[in-house]
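Numbering of residues begins at 1 and proceeds along the displayed sequence. All of these numbers come straight from a predicted model, not from anything done at the bench. Just so you know, these numbers use all the heavy atoms, side chains as well, and skip hydrogens, waters and symmetry mates.
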Amino acid sequence: EGMFNYLRKRFASHIRERSRRRARLVSKDGRCNIEFGNVEQSRFVFLIDIWTTILDLRWRYKMTIFISAFLGSWFLFGLLWYVVAYIHKDLPEFNPSINHTPCVDNINGLTSAFLFSLETQVTIGYGFRCVTEQCATAIFLLICQSILGVIINSFMCGAILAKISRSKNRAKTITFSKNAVISKRGGKLCLLIRVANLRKSLLIGSHIYGKLLKTTITPEGETIILDQVNIEFVVDAGNENLFFISPLTIYHIIDETSPFFHMAAETILQQDFELVVFLDGTVEATSATCQVRTSYIPEEVLWGYRFAPIVSKTKEGKYRVDFQNFSKTVAVETPHCAFCLYNEKEAKAKEKKGYDNPGFVMSEVSETSDTKM
């Protein structure tokens, strides 16, 4: 019975957790969770930009197309070579005479025609089978297959090379902290995120910014889903041209213009938003631009915490980054809302200055003696 109660509680907890799970537009690894429905345009429009379509395909589909393109072209031209041999009566079943000159030497059937097609397109050229000058049809077919083979080779090899060298793979070596934290920094309440470059090669001209996605209702009563609000992130040296050699802690100042200004530690979990963070930069090795994305939902924003230090100096004089503490947080004393922090500062400032009460009037009273001697 105890085991049954334990399993029942675990199942109920799992159900509650799934009901609280929020939909994300951007996953933690940067993939966009969006689906297009009832698109009026035909799917054939993607064939117009076939290069981008091929590049966007996954590797398993790309390799399937790669293999199918070569096998299909070899088999198609193999049939054509067989047809040429059949029409010219070069096959053994027609019992050609000794003085008969075939269009293609040593084509005895469909299999040998397929092998000749393969040798022609990939330019192997074993020398056993070859085209003769007997018929112009075979010469024309040879030219067509050679040209088409060069086109297929160029396109497919170029697509694979472009797929391998895409900056999307470089973006996988940029990582963000699992959680965002809110605490005081420089006397101001800030939202902080840690980001690290896992390679020693730099990202040139890096720029960090964010978008807060939430549902808003306009004064006219219109409901806007996924309304985007700009979130400015900075580091101590600014958010342009970052020296991205070691992990950086970027922060957003929560002031009167920030959408986090009216949130508090007690109410942030009841909010419905998604914070998407972007990092744009140029890869130093290839000069290609790349973008890294991640997102944070309210459950991943920890109020009253800061990140643990991860950079230290060894005895040899080298700087060491301990990624074991990359997403580790430490609880710190933090105001439970930005409004309270700025009101507290304003009250302390007024206490130091000392303001006069204009309603207070001081009057002098003359002292008179009513005592008669």
Side-chain angles (χ1 to χ4, degrees), residues 25-36 39 41-81 110-127 129 140-176 196-207 244 278-294:
L25 178 64
V26 179
S27 63
K28 298 296 287 185
D29 58 358
R31 291 178 296 178
C32 295
N33 180 27
I34 191 168
E35 179 180 334
F36 298 102
V39 180
Q41 292 181 335
S42 173
R43 293 186 179 272
F44 289 103
V45 297
F46 295 103
L47 296 178
I48 299 176
D49 187 12
I50 186 65
W51 178 254
T52 304
T53 302
I54 293 295
L55 289 183
D56 289 340
L57 289 176
R58 295 185 177 181
W59 274 108
R60 53 179 176 267
Y61 302 125
K62 186 186 294 294
M63 295 307 299
T64 300
I65 294 176
F66 180 83
I67 296 173
S68 300
F70 281 103
L71 289 178
S73 62
W74 296 339
F75 185 74
L76 175 62
F77 280 97
L79 288 177
L80 294 177
W81 286 116
L110 187 60
T111 303
S112 58
F114 175 79
L115 291 176
F116 178 71
S117 173
L118 189 151
E119 294 173 14
T120 301
Q121 189 162 326
V122 300
T123 65
I124 294 178
Y126 291 117
R129 300 179 182 89
F140 177 77
L141 186 60
L142 177 67
I143 295 173
C144 291
Q145 185 173 7
S146 299
I147 295 175
L148 183 62
V150 171
I151 294 175
I152 294 177
N153 284 336
S154 302
F155 186 87
M156 298 308 301
C157 294
I160 292 178
L161 179 61
K163 182 77 171 181
I164 295 175
S165 60
R166 289 183 77 177
S167 56
K168 183 178 180 181
N169 297 325
R170 176 64 174 91
K172 294 181 180 179
T173 57
I174 305 296
T175 181
F176 289 88
N197 178 18
L198 301 182
R199 288 187 178 273
K200 292 185 178 181
S201 59
L202 302 179
L203 283 180
I204 304 172
S206 301
H207 174 61
F244 206 6
F278 303 85
L279 171 62
D280 297 340
T282 302
V283 181
E284 186 179 30
T286 62
S287 298
T289 58
C290 71
Q291 183 182 86
V292 193
R293 299 180 295 268
T294 191

[X] side-chain N/O to [Y] backbone N/O, donor-acceptor pair under 3.5 Å:
{"X": "Ser206", "Y": "Gly281", "value": "no"}
{"X": "Gln291", "Y": "Phe278", "value": "no"}
{"X": "Lys163", "Y": "Leu55", "value": "yes"}

Identify the two heavy atoms, one from Met156 and one from Lys62, that lie closest to each other, and give their separation to 0.1 Å.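 So the minimum-distance heavy-atom pair works out to CE-O, 4.4 Å.
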List the residues meeting ring-ring contact (aromatic ring centres under 6.0 Å, His included) with Phe116, not counting sequence neighbours, and say none if there are none.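 Result, ring-ring contact (aromatic ring centres under 6.0 Å, His included) vs Phe116: Trp81.
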Can you name the ring-ring contact (aromatic ring centres under 6.0 Å, His included) partners of Phe155, sequence neighbours left out?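 Applying ring-ring contact (aromatic ring centres under 6.0 Å, His included) to Phe155 gives Trp51.
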Euclidean distance, [Y] [atom2] relative to [X] [atom1], rounded to 0.5 Å:
{"X": "Met63", "Y": "Ile160", "atom1": "CE", "atom2": "CD1", "result": "5.0 Å"}
{"X": "Arg293", "Y": "Ile174", "atom1": "CZ", "atom2": "CD1", "result": "13.5 Å"}
{"X": "Cys290", "Y": "Leu203", "atom1": "SG", "atom2": "CG", "result": "5.0 Å"}
{"X": "Leu148", "Y": "Ile152", "atom1": "CG", "atom2": "CD1", "result": "4.0 Å"}
{"X": "Ser117", "Y": "Leu76", "atom1": "OG", "atom2": "CG", "result": "8.0 Å"}
{"X": "Arg129", "Y": "Ser112", "atom1": "CZ", "atom2": "OG", "result": "5.5 Å"}

For side chain to side chain contact (heavy atoms under 4.5 Å, CB included), just list the numbers for Cys157 and Leu161, CA-CA rounded to whole Å, side-chain angles, deciding distance to a tenth of an Å, and then say yes or no. CA-CA 6 Å; Cys157 294; Leu161 179 61; over 6 Å; no
Can you label the angle between the Phe114 ring and the Phe75 ring as parallel, tilted or perpendicular, going by 30° and 60°?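 Geometry flag for Phe75 against Phe114: tilted rings.
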Note, Trp59 side chain near Ile164 side chain (heavy atom, < 4.5 Å):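 Yes - at least one pair of side-chain heavy atoms lies under 4.5 Å apart.
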Contact check, side chains of Val150 and Ser146, non-hydrogen atoms, under 4.5 Å: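 With C-beta onward as the side chain, the pair stays apart.
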Is there a side chain to side chain contact (heavy atoms under 4.5 Å, CB included) between Asn153 and Phe70 once you walk through the steps? CA-CA 9 Å; Asn153 284 336; Phe70 281 103; 2.8 Å; yes
If the condition is side chain to side chain donor-acceptor pair (under 3.5 Å), which residues does Thr173 pass it with, not counting sequence neighbours?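 Partners of Thr173 by the side chain to side chain donor-acceptor pair (under 3.5 Å) criterion, ordered by chain and then number, come out as Arg170.
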